[in-house]
2 protein chains.
Amino acid sequence: MSTRLSAAIHEPFPPAAALLMLTPWSPHQADHAGRLAGALLHFDQDREIYCEGDEAGTFFKVVSGVARTCKFLSDGRRQIDAFHVTGDVFGVEAGPSYSLSAEAACDCTVTSYRRRGIDASAFHDAGLSRQLFAYAMQSLARAQDHALLLGRKSAVEKVAAFLLDWAKNSPSGQDVTLAITRQDVADYLGLTIETVSRTLSHLERQALIALSSPRQIRLRDLAALRGFNA
Amino acid sequence: MSTRLSAAIHEPFPPAAALLMLTPWSPHQADHAGRLAGALLHFDQDREIYCEGDEAGTFFKVVSGVARTCKFLSDGRRQIDAFHVTGDVFGVEAGPSYSLSAEAACDCTVTSYRRRGIDASAFHDAGLSRQLFAYAMQSLARAQDHALLLGRKSAVEKVAAFLLDWAKNSPSGQDVTLAITRQDVADYLGLTIETVSRTLSHLERQALIALSSPRQIRLRDLAALRGFNA
DNA sequence: CGATTGCTTGATACCTCTCAACCCAGGTGG
DNA sequence: CCACCTGGGTTGAGAGGTATCAAGCAATCG
């Protein structure tokens, strides 16, 4: 999915972590300091949350649903950069404006945080600055993996990677419940909706997955799916 | 080209810059503090500088030549993430190990810096932490643009974008002198070497560029080239 | 119900890859 | 001096993967 700022909170503190990966940080903590008022916002599917180039005065955390961040070409072609699920933070910028657009991939509730609070805190707080750096580097690592996928993988490899990625969040580790459309999957993988559909059907025919409904996918052969990548 | 940590040094300080984009930072400054010994290293073309997964105890700045950072699939397919030219910093990590491999794209001299120094400084110095954050976010923005290119652009659009990108560094703004092979260009754009070659020939036939030699490219119609993107 | 949305499937086109030959410049050594 | 080799680049013919265009299906919703 996306880079998760808050994910670190749930993980044990790494024993010999690098200096630059220190205490986890969460907007919640900032809430307590009273600096970052969090407004709860709801967006219907496909509603724009913000647009590339807008002044980046706010960042967001997903409360429920899925948000997507993406870029567009002038003729409408779209590349989705990441999906953001519950707990994920998105819209954090270093510059003055958003470098991506953000939209609700399905009905979606988010908390918004005023950036000024973070900026001000980070100005004094080296720890917070380090958190932001770690967050950015984590996003960067994801973006680099994504580039490898987009530039060098075939359709099957892309879809397999996508499924495995989403399955990691499921309790069983082999069930994927998609809250997003085929179009979103396609625009994330750099494919068309038809190719995504065909590839899923193909994988089902091979008995590598089972589609109980279009949005409910069971990974029946994790080893084989992993084999598509490396 | 790549994200440049030091590029900011040469640019006027933005008047109303966001809080998170403060004073430029350069390894040189750190040198003066005596914390980051800079060793000068030379790499012949295609020599490995470091490998994905290696312990990231060092980062680098290009003195001359071009370095590339990239990822590989198990069967050898390669995706180049970025090229780094004189002045560019690469190999900065938040985690314990490198997320990419780095190699000399041509004969290449780099300065190496011990990471410990930076880590230690950043621990106390909020300003340095902010610099690192800004650096990471700039890299992230480049990676996102790259993903759009890889996922959604055609071969001509990719090549045109590549040429325009490199021409920005040339004094005239319309001459590109490549120090890298067609294979590197291809692996950066997610194409094959033949497609890159054919596309360049195609652009030359259209009189949009002139190839005085394979490595010496003149952009004859910037407007038309820009038109390929948007 | 009819309309809409999301998804699947088929036929065909086309873009890029693959495989192969060839060119050119530079270096090496007989 | 030239034959030879090598690395980098170009070009061609054909194959193949994905896109495009189009039709149809199922579920949902007014």
Discussion item. For a quick test of reading the model: is some side-chain N or O of B:T181 closer than 4.0 Å to OP1 or OP2 of D:dG8?
Written reply: no

Item to complete: Could you state the atom-to-atom distance from CD1 of B:I217 to P of D:dT10 in whole Å?
Response: 8 Å

Fill in: Donor-acceptor contact below 3.5 Å, side chain A:D187 vs main chain A:D184
no

Worksheet entry | Step-by-step side chain to side chain contact (heavy atoms under 4.5 Å, CB included) determination, B:E55 to B:S97 | CA-CA 4 Å; B:E55 190 196 338; B:S97 58; 5.7 Å; no

Fill in: Separation of atom CZ in A:R198 from atom P in C:dC7, rounded to whole Å
15 Å

Discussion item. Between B:F133 and A:F133 (judged by ring centroids, cut-off 6.0 Å), do the two rings come close enough to count as a pair?
Written reply: no

Worksheet item: For B:I193 and A:V156, take the nucleotide of DNA chain D holding the closest heavy atom to each; which residue's nucleotide lies nearer the 5' end?
Response: B:I193

Worksheet item: Which is true for A:L200 with a 4.0 Å heavy-atom rule: it touches a base, it touches only sugar-phosphate, or it touches nothing?
Response: nothing

Discussion item. How many whole angstroms separate atom CZ of A:R215 from atom C1' of D:dT28?
Written reply: 12 Å

Discussion item. I want to verify a distance call: between C:dT16, C:dT8, D:dC21, whose nearest atom is closest to the A:R182 side chain?
Written reply: C:dT8

Item to complete: Return no unless some side-chain N or O of A:S154 is found under 4.0 Å from OP1 or OP2 of D:dG17.
Response: no

Worksheet item: Quick one: is A:T195 getting a side-chain N or O under 4.0 Å of the D:dT18 phosphate, OP1 or OP2?
Response: no

Item to complete: Rounded off to whole Å, could you give me the CG-to-P distance for the B:L150 and C:dT16 pair?
Response: 13 Å

Item to complete: Please confirm whether any donor atom in the side chain of A:Q183 sits under 3.5 Å from an acceptor in the base of C:dC7, or the reverse.
Response: no

Discussion item. For A:R47, is the CZ atom crowded, meaning more than 12 foreign heavy atoms sit under 6.0 Å from it?
Written reply: no

Item to complete: Using whole Å, report how far CG of B:D184 lies from C1' of D:dG7.
Response: 14 Å

Worksheet item: When all nucleic acid strands are considered with a 4.0 Å heavy-atom cut-off, which category describes B:Q45: base, sugar-phosphate, or nothing?
Response: sugar-phosphate

Worksheet item: When all nucleic acid strands are considered with a 4.0 Å heavy-atom cut-off, which category describes B:S201: base, sugar-phosphate, or nothing?
Response: sugar-phosphate

Practice prompt. Starting from P on D:dA27, measure out to CD on A:Q216 and report it in whole angstrom.
Written response: 15 Å

Worksheet entry | Sub-6.0 Å ring centroid separation between B:Y188 and B:F83 | yes

Worksheet item: Given C:dT8, D:dG9, D:dT11, which nucleotide is nearest the side-chain atoms of A:P214?
Response: C:dT8

Practice prompt. Please state how far atom NZ in B:K153 lies from atom P in D:dA19, giving the value in whole angstrom units.
Written response: 17 Å

Response to the item:
DNA chain C nearest-nucleotide lookup for A:V196 and A:R152: closer to the 5′ end is A:V196

Worksheet entry | Interatomic distance, A:L211 CG vs D:dA26 P [rounded to whole Å] | 16 Å

